[in-house]
Amino acid sequence: MHHRLAVVVQTPAHSGLSGPLTYQSPEALPPGTLVRVPLGKRETLGVVWPVAEQDLDTEGVTERPVAGVLAGLPPLGPAWMRLVSFAARYYQRSLGEVALASLPPQLRELGPEQLARRLKRPQAAAPDPATPTPAGLALTAEQAEVCAQLEQHPGPFLLFGATGSGKTEVYLHAVQALLERDPSAQALIMVPEINLTPQLEERFQARFAPRWGVQAVVSMHSGMTPAQRLKSWLAAHSGQARMVLGTRMSIFASMPGLQLIIVDEEHDPSYKQQEGARYSARDLAVYRGQQEGAKVLLGSATPSLESWHHSRPSAEGGRYQRLLMPTRVGAAADAGLPRVRRVDMNRQSKGTVFSPQLVSAMQERVARGEQVMVFLNRRGYAPVLHCNDCGWKSECPHCSAFRVFHRIDRTLRCHHCGFTQAVPRACPDCGNLDIAPLGRGTERLEEQLAELMSETLRPDGQPARIARIDADSTRAKGALESQLAQVHGGEVDVLVGTQMIAKGHDFRRVTLVAAINPDGALFSSDFRAPERLFALLMQAAGRAGRDAAFVSAQKSEGEMWVQTFYPTHPLFEALKTHDYPAFAQAQLEEREQAGMPPFSFQALVRAEARTQAVAQGFLNSASAAGAELEGASQVFRFSAVPMTIQRVANIERAQMLIESPSRAALQRFLAQWQAVLHATRAAPEHKGLIRWAVDVDPLLI
């Protein structure tokens, strides 16, 4: 007897095959079973999906047999399949794309025999449940109150805690309380970036490994090898791992005992996937918690305006419970949060990069044995090389952007398409030998700081040591961990870097943080730019003066210096007093008046083609055809425009914004519009179209 099975497989994004395919099997397989199935001329991994056999549409379809079953693995659970189905539906992607992208790459490559051998490998010894969990730090009154609220209420929760207020200790305590209540429970703890997982894993291992074993804590992120990712996934899927620490991809981890989800730095845009299925891991965390009955805790010192709006009082329509921890932990709490100093760059001589006041402050800190952090969100030596004679600039021939000058390897590198060339000896247009860098990146700041600090001596009489951490300095495997260890070990006096150093790191000796040239975001066309800048500066400020004992012994204080041409801007006024609620209220009032999220709902359709005319023509044609759809009057479709960087790797890019005051209306329109988009693409006049994609709840407009 043969059984018909619905199986989801990874199919091309625009193939039109968005749902399960039908296969035959000699045995009935439960939904969630992983199978190998033929697809075209190849064999691929698939997941048996919960579709009743009588509901399968098999008319005119040749049903091929299942090639093999990955026996030994428990089926993926109903809750996991509901999560995948919702994500695919909401973010307008195919079911198979989301489901298969959620599984570890090596699992997709293994056959039944290979997997069987992998599962036979010896497992770690079971921990001794009699071993007590090591005691954590004594909770402050604020932390204890937050933990009590977590125990008493269902959530979701937004933990609004100042930098240094001890949010991580609350996370540890919440997980410990959960495991002591239910030893088989699982917790998912998410961080926005890969470089934040090692220090978090270290703290969780120190707290939980003695009782639960080292295998109880696993990491899950794209920086791991395929074998490591498979091992972590299997540990989570089997329930052996009690805690999964991961980046946005971990939201799809199969965790049958999931009872707690923590999203640290929930405001961070890194939780939004920017390729393929453009999902928000933070928003899916809230959905998953509701579906599986797991408590959800979002934590941040600068919450996203959406989450802040959702955490207003329930009488005003709020859906989250807001928890407060405004005070820093330890003796440093007496001094409050870092003092913010604004330097008016209008009063400095033209071309000044580091004001004399800031240089003097940095020299004083280093001479006392303290560390300084200098933040500039632009890597490379200089954004552009240019010629004063003819005006030539180092444009990328393949993109509508400039190639960045990297002095260390003497290259011009495009950060969009990767095109790299050696720096020319003379201007390519006029032959002038005097071509010079224009603007500054972190490489150039590092060089300039080495000159400014050359006479500054540490307390041991040695010269100041300058280091840089950005995407260029951390390319090699293990480079980031090594450099962070040097900073933590006191082997660096002045650290220069991009936003990589501004988030989450617990640098105990840093007492001064300086932000160089942050003004660009104040006048960006992106309405979210001020929110991101404020969050980034607050996070950076939070790196200063974190170690109460060190600050007290030094008779020092934490400081944040901001060099700006707009010192009286409301954003900097709010930053000076660390008044996030005032900043958030002002921003939300502006957005409500303008009808922007969270008071409206958006989707962005992007198109890529050989010419800009084809890209925009496709979007405008699809928009016109969509006007006939039911409910189209509730959705406003703007005209297509070029993207901010309209050409990348010789491909022209355009976008169209779609907006509605109703999330449900927007979703209904997008679901119907998919067929229109496919039909529009097939029209002869759009032959040059390469690809298109829908981005629901976009972060970058």
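Any value given below was found using the heavy atoms of this structure, including those in side chains, with hydrogens, waters and symmetry copies removed.
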(message) In the structure I gave you, are the side-chain heavy atoms of His686 and Thr680 within less than 4.5 Å of one another anywhere?
(response) yes

(message) Within the 4.5 Å heavy-atom criterion, are Pro598 and His309 side-chain neighbours or not?
(response) yes

(request) Enter the distance from Leu284:CG to Met190:CE here, rounded to the nearest 0.5 Å. (result) 8.5 Å

(request) Go through the structure and list residues passing side-chain contact (heavy atoms from CB on, under 4.5 Å) with Ala625, not counting sequence neighbours. (result) Val676

(message) Any side-chain to backbone donor/acceptor pair from Arg278 onto Gly276? Under 3.5 Å, distance only.
(response) yes

(message) Do Met243 and Val175 have side chains that approach each other closer than 4.5 Å (heavy atoms only, starting at C-beta)?
(response) yes

(request) In plain terms, say whether Lys272 and Asp695 are close enough for a salt bridge, that is, a side-chain N and a carboxylate O under 4.0 Å apart. (result) yes

(message) I need the minimum non-hydrogen distance between Ser250 and Arg288, along with the two atoms involved.
(response) O-NH1, 4.4 Å

(request) Answer yes or no: is there a donor N or O on one side and an acceptor on the other, between the side chain of Tyr171 and the main chain of Asp264, under 3.5 Å? (result) no

(message) If only side-chain N and O atoms count, and only distance matters, is there a donor-acceptor pair under 3.5 Å linking Thr22 with Glu63?
(response) no

(request) Report yes if some heavy atom in the side chain of Gln186 is under 4.5 Å from a heavy atom in the side chain of Gln259; otherwise report no. (result) no

(message) Quick check against the 3.5 Å criterion: does Arg229 have a side-chain atom that pairs as donor or acceptor with the backbone of Leu103?
(response) no

(message) Any salt bridge linking Glu306 with Arg528? Criterion: basic side-chain nitrogen under 4.0 Å from a carboxylate oxygen.
(response) yes

(request) Could you list the residues that satisfy ring pair (Phe, Tyr, Trp, His ring centres under 6.0 Å) with Phe252, not counting sequence neighbours? (result) Tyr279

(message) Closer than 4.0 angstrom, basic N to acidic O: yes or no for Glu652 and Arg610?
(response) no

(request) May I ask you to say whether Asp268 pairs ionically with Arg248, meaning some side-chain N is under 4.0 Å from a carboxylate O? (result) no

(request) For the residue pair Ile658 and Phe636, establish whether any side-chain heavy-atom pair is separated by less than 4.5 Å. (result) no

(request) Report yes if the side chains of Arg668 and Gln634 come closer than 4.5 Å at any heavy-atom pair, otherwise no. (result) yes

(request) Determine, using ring centers only, whether Phe86 and Tyr287 are less than 6.0 Å apart. (result) yes

(request) Check the pair His310 / Arg319 against side chain to side chain donor-acceptor pair (under 3.5 Å), numbers first and verdict last. (result) CA-CA 5 Å; His310 291 327; Arg319 298 187 288 114; 3.1 Å; yes

(request) Determine whether the side chains of Glu97 and Gln10 contain a donor N or O and an acceptor N or O closer than 3.5 Å. (result) no

(request) Please tell me if the side chains of Arg242 and Phe208 come closer than 4.5 Å, counting only heavy atoms from C-beta onward. (result) no

(request) In plain terms, say whether Asp526 and Arg532 are close enough for a salt bridge, that is, a side-chain N and a carboxylate O under 4.0 Å apart. (result) yes

(message) Please evaluate residues Gln24 and His3 with respect to the criterion side-chain contact (heavy atoms from CB on, under 4.5 Å), reporting the C-alpha separation (whole Å), side-chain torsions for both, the decisive distance (0.1 Å), and the verdict.
(response) CA-CA 6 Å; Gln24 285 195 358; His3 298 268; over 6 Å; no

(request) Kindly state whether the ring of His678 and the ring of Trp692 have centres lying under 6.0 angstrom apart. (result) yes

(message) Strictly distance-based, threshold 3.5 Å: is any side-chain N or O of Ser307 a donor or acceptor partner for the main-chain N or O of Ser304?
(response) no

(request) Using a 4.5 Å cut-off on heavy atoms from C-beta on, say whether the side chain of Leu70 contacts that of Leu45. (result) yes

